[in-house]
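Note sheet for the following structure.
Keep in mind the model is a prediction, meaning the values are calculated, not measured. Side chains are part of it too, since the values below use all heavy atoms of this structure and drop only hydrogens, waters and symmetry mates.
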Amino acid sequence: MAATLCVKLLPKQGWLPLTQSVRHGSKAVTRHKRPMHFIKEKLMAVTQYIPPARAVPPGAYPRETITIQEETPLMLIMKRNLEKVFQDCKMIAVVQNNASSAEDMMILKHRLHKHDIKVKFFPNEVMRSFLNNSIYCNMAPLIIGPTVLIVSNEPKVKEMLKTLRASPQMTLLGACIENTLLSAQGVLSYSKLPSVTVIQGELVSGLTMMTSRTASMLQRHPAHLSALLQQYVKQQNTDAAAAAEGAPKAEEAT
């Protein structure tokens, strides 16, 4: 039994193990890929061939149909009314309606009506169609979403801004005041300017003061000259009188 185990456990002559550890020496790698010079790399990138895009064969896609929407009679009437608004009103403000209720809109209309300011409603299609073919084409980007127009015959900017502050649902986008397009910040700056009557009064007072000062400066030298001449004449008269009185006394003394 022991002999049998020894025979099984001892390796046979000429038998190799299943795993062998083989040690290899390090190989010197002498063929590295040399990096390309950056100028040559740029040149290769610039001169790289870019194949053209494949042309779409005819009939592969359906033709694009251009639909021309004709304006209805109602749209023509609304465009005519909108044109009349732009001709008659000096202040046209574009305000965005952010989900305000009917009651809030009625209150806003009532407050604006006190200052003779009106609220106009026009569809966006009508306003864009009118603005794109008019001198007010720069106002077209303001027509986004639910918008309303606040108009008045005179530029009552302070009253409009004061009323809009009480309605947070209404956001001022811009305005056209006396044929001048202004942003929301520009409208706020315009409201801080004094009125035309105040400016005219200041101009008249300034001109009156300048003219009065000019007249006084022109009259000063002649008046001063006349005063000097009068003083000289008086002095000559007193000297002549004194000489006349002194002559008889000298004759009497002789």
Side-chain angles (χ1 to χ4, degrees), residues 71-210:
E71 296 180 347
T72 60
L74 179 60
M75 291 181 65
L76 294 175
I77 294 172
M78 296 179 75
K79 280 181 66 175
R80 198 177 300 116
N81 295 336
L82 183 61
E83 184 178 1
K84 186 177 180 181
V85 167
F86 273 83
Q87 290 177 356
D88 298 340
C89 300
K90 294 183 179 179
M91 184 187 74
I92 304 170
V94 181
V95 181
Q96 190 173 23
N97 183 10
N98 297 319
S100 61
S101 61
E103 184 179 359
D104 296 337
M105 187 60 66
M106 288 295 295
I107 294 173
L108 178 64
K109 285 184 179 180
H110 178 68
R111 290 175 179 174
L112 292 173
H113 185 70
K114 292 180 180 178
H115 305 289
D116 197 13
I117 302 175
K118 301 177 183 178
V119 179
K120 299 287 184 179
F121 296 91
F122 292 98
N124 291 350
E125 296 178 358
V126 175
M127 286 196 285
R128 289 197 192 98
S129 177
F130 168 73
L131 293 174
N132 291 331
N133 300 323
S134 66
I135 61 174
Y136 309 100
C137 57
N138 292 330
M139 291 185 65
L142 300 178
I143 310 303
I144 299 175
T147 54
V148 297
L149 297 181
I150 297 178
V151 300
S152 66
N153 296 331
E154 297 296 330
K156 300 180 179 180
V157 182
K158 293 182 180 179
E159 293 81 357
M160 181 189 67
L161 292 177
K162 184 178 180 181
T163 307
L164 289 178
R165 288 192 192 100
S167 301
Q169 299 90 355
M170 309 298 288
T171 305
L172 180 64
L173 301 179
C176 179
I177 301 174
E178 295 180 344
N179 294 331
T180 303
L181 182 61
L182 300 174
S183 62
Q185 187 64 31
V187 174
L188 183 61
S189 302
Y190 183 90
S191 64
K192 297 178 182 179
L193 296 175
S195 61
V196 179
T197 308
V198 176
I199 295 176
Q200 289 177 351
E202 293 179 355
L203 180 61
V204 170
S205 62
L207 292 176
T208 305
M209 185 180 298
M210 291 176 65

Anything under 3.5 Å between a donor and an acceptor, one on a side chain of residues 155-173, the other on a protein residue two or more places apart or in another chain? List them.
unit_1, atom_1, unit_2, atom_2, d
Lys156, NZ, His115, O, 2.9
Thr163, OG1, Glu159, O, 2.8
Thr171, OG1, Asn98, ND2, 2.9

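By the 4.5 Å heavy-atom criterion applied to side chains, Met105 and Phe121 are counted as neighbours. Proximity of Phe86 to Leu82: side-chain heavy atoms (C-beta onward) are separated by under 4.5 Å at one or more points. Counting heavy atoms from C-beta on, the side chains of Leu112 and Lys109 never come closer than 4.5 Å. Counting heavy atoms from C-beta on, the side chains of Ile143 and Val94 come closer than 4.5 Å. The shortest distance between side-chain heavy atoms of Ile117 and Val151 does not fall below 4.5 Å. Residues Leu131 and Arg128 form no side-chain contact, since every pair of their non-hydrogen atoms from C-beta on lies 4.5 Å or further apart. Side-chain contact check for Thr147 versus Met127: some heavy-atom pair is nearer than 4.5 Å.
Residue Glu103 qualifies as open at atom CD: its count of foreign heavy atoms under 6.0 Å is 12 or below. For CD of Gln185, the number of neighbouring non-hydrogen atoms (other residues, nucleotides, ligands) closer than 6.0 Å is 12 at most.
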Walk me through whether Met91 and Tyr190 qualify under side-chain contact (heavy atoms from CB on, under 4.5 Å). CA-CA 12 Å; Met91 184 187 74; Tyr190 183 90; over 6 Å; no

Evaluate the side-chain contact (heavy atoms from CB on, under 4.5 Å) criterion for residues Val119 and Leu149: first the C-alpha distance (whole Å), next the side-chain angles of each, then the deciding distance (0.1 Å), finally the verdict. CA-CA 6 Å; Val119 179; Leu149 297 181; over 6 Å; no

Would you please test His110 and Met106 for side-chain contact (heavy atoms from CB on, under 4.5 Å) and show each step? CA-CA 6 Å; His110 178 68; Met106 288 295 295; over 6 Å; no

Tell me, with the steps shown, if Ser152 and Lys90 meet side-chain contact (heavy atoms from CB on, under 4.5 Å). CA-CA 7 Å; Ser152 66; Lys90 294 183 179 179; over 6 Å; no

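Every residue two or more places apart in sequence or in another chain was checked for a ring pair (Phe, Tyr, Trp, His ring centres under 6.0 Å) with Phe122, and none qualifies.
Across all their heavy atoms, Ala175 and Ala93 have their closest contact at CB-CA, 3.8 Å.
Taken from CG in Asp104 to OG in Ser101, the straight-line distance is 3.0 Å, to the nearest 0.5 Å. To the nearest 0.5 Å, atoms CG (Leu188) and OG (Ser183) are separated by 9.5 Å. We find the CD-OG distance between Gln200 and Ser205 to be 12.0 Å, quoted to the nearest 0.5 Å. Annotation: the span from Thr72 atom OG1 to Met78 atom CE amounts to 9.0 Å, rounded to 0.5 Å. The structure places SG of Cys89 at 12.5 Å from CD of Glu178, a figure rounded to the nearest 0.5 Å. For the atom pair CG (Leu76) and CG (Asn81), the distance works out to 11.0 Å, reported to the nearest 0.5 Å.
A donor-acceptor pair under 3.5 Å links the side-chain atoms of Asn124 to the main chain of Gly145, judged by distance alone. Looking only at distances, a side-chain donor or acceptor of Asn97 sits under 3.5 Å from a matching main-chain atom of Ser100.
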